[in-house]
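This report refers to the structure that appears directly beneath it.
In each ligand, atom 1 is the first atom listed, and ligand 1 is the first ligand listed.
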Amino acid sequence: MSNLFANYNRISVAFESGLGCWLTDKSGKRYLDFLAGIAVTSLGHSHPRLVSALTEQASRLLHVSNLYEISQQEAAATSLVANCAPGLLDKVFFCNSGAEANECMLKMARRYAHENELPPVVTVFHNGFHGRTLATVSATGTPKYHEGFSPLMPGFLFADFNDLESALACLESSCAVLVEPIQGEGGVLPATVEFLQGLERACQEQNKLLLLDEVQTGIGRTGEWLAAHHYGVRPHAVSLAKGLGGGVPVGAVMARTELAELLGPGSHGTTFGGNPLACAAVLAVLETISEEALLENARAMGQYLREKLSGLPGVSEVRGVGLMLAVVLEGEAGEVVSECFERGLLINAVRPQVLRLVPPLVVSRDDIDQAIDILEGVLCRNSPKKNGAKPLSLT
Ligand SMILES: *Cc1c(COP(=O)(O)O)cnc(C)c1O
């Protein structure tokens, strides 16, 4: 009997080691990892640069607390700003997860409302996902995550994603809008350019905050440092986490200076946030993405993967950006995920008929060819009408 909470539905496999896009379980069986720990292990497993940055840092200093200066934190912030949003989001707060990063943005929104006599209300979206803490789950537009947790935190208005009219109606009585540029857990649904730019314009006109949840989309996942860059929008703050530490738990908020100043000394904090180990990981991840041209790789391999997926049987749509892709199936996704697992390919389902593929940013053409072979084999079995196994023509 396990001593763990039963809050996760786990597949019965335990991995022992990993290298690049591959994982090995206890029995020695190898798996091609196109899930990357849910869009986290952006450099793949055991990237030598991340391993040496971490071992070197661990051998010197792990943690000192934010009562003191932390040079690794300064360096990680400088690198984040220089890469992601120079001249716009100049200030960084480090925390330990995506939910915590969103909590920080929501607390900034509350202070902003307070200072500017605006309603302490944030517009959020149906089908969105912002985390599992009480505030972020309250901001999450998926009812199953709310079950049994009432009373939820007040101060959120829910609008329809990609429906500007619905969003503007809520924004009227809000101080800010919090939105994922691509809804991830909701099924990998990209915002339209018109929608996100419309939100930006409305926020500008009404002096309200555009807060982007880039926990899943950020740090190269879509082939840009931020998904915001695809849309040409200028947010007031963004939250980051998943891919930021390459597997080390770390989150961050990047904000405009005037917004960051709302959280003065003593107003907010976290014991572990931005400790030397986590920030050594962030620095190594950012440097590796730059030096190994991983944004370019994410764009090129994303395009290649998308084309290959579009040609598979039983696929009705491929959507997403860069290496954040979803495949909408004609049939059930659950079975396909299980059969892929049996054949050594890790992916997951984000909706009953939707597969998600978020491989490491280092993924190669060869990795993709192998993943497609496995997926094609599974889909051919599940949709016999559409594959090459047509009835023999006797003419
Ligand atoms: C995963 C995710 C979160 C929550 O991050 P945690 O690190 O699990 O707290 C928040 N927002 C988005 C868009 C996510 O994908």
**Study point:** Aromatic ring proximity Phe161/His126, centre distance under 6.0 Å
**Key:** no
Point to revise | Pairing of Glu261 and Lys91 as salt bridge, 4.0 angstrom limit | key: no
Practice item. Flag yes if more than 12 heavy atoms outside Arg343 fall under 6.0 Å of its CZ atom; otherwise flag no. Key: yes
Exercise for review: Scan for salt bridge (charged side-chain N to carboxylate O under 4.0 Å, His left out) pairs involving residues 358-367, sequence neighbours excluded, and state none if there are none.
Suggested key: none
Check your understanding: Mind checking who shares a hydrophobic cluster with Leu23, ILVMFWY linked at side-chain heavy-atom distances under 4.5 Å?
Key -> Ile11, Val13, Phe15, Tyr31, Phe341, Leu346
Point to revise | Residue shell around ligand 1, heavy atom under 4.0 angstrom | key: Ser97, Gly98, Ala99, Asn102, Phe129, His130, Gly131, Glu180, Asp213, Val215, Gln216, Lys242
Revision key, fill the gap. Members sharing Val328's hydrophobic cluster, built from side-chain contacts under 4.5 Å between Ile, Leu, Val, Met, Phe, Trp and Tyr, are Val350, Val354
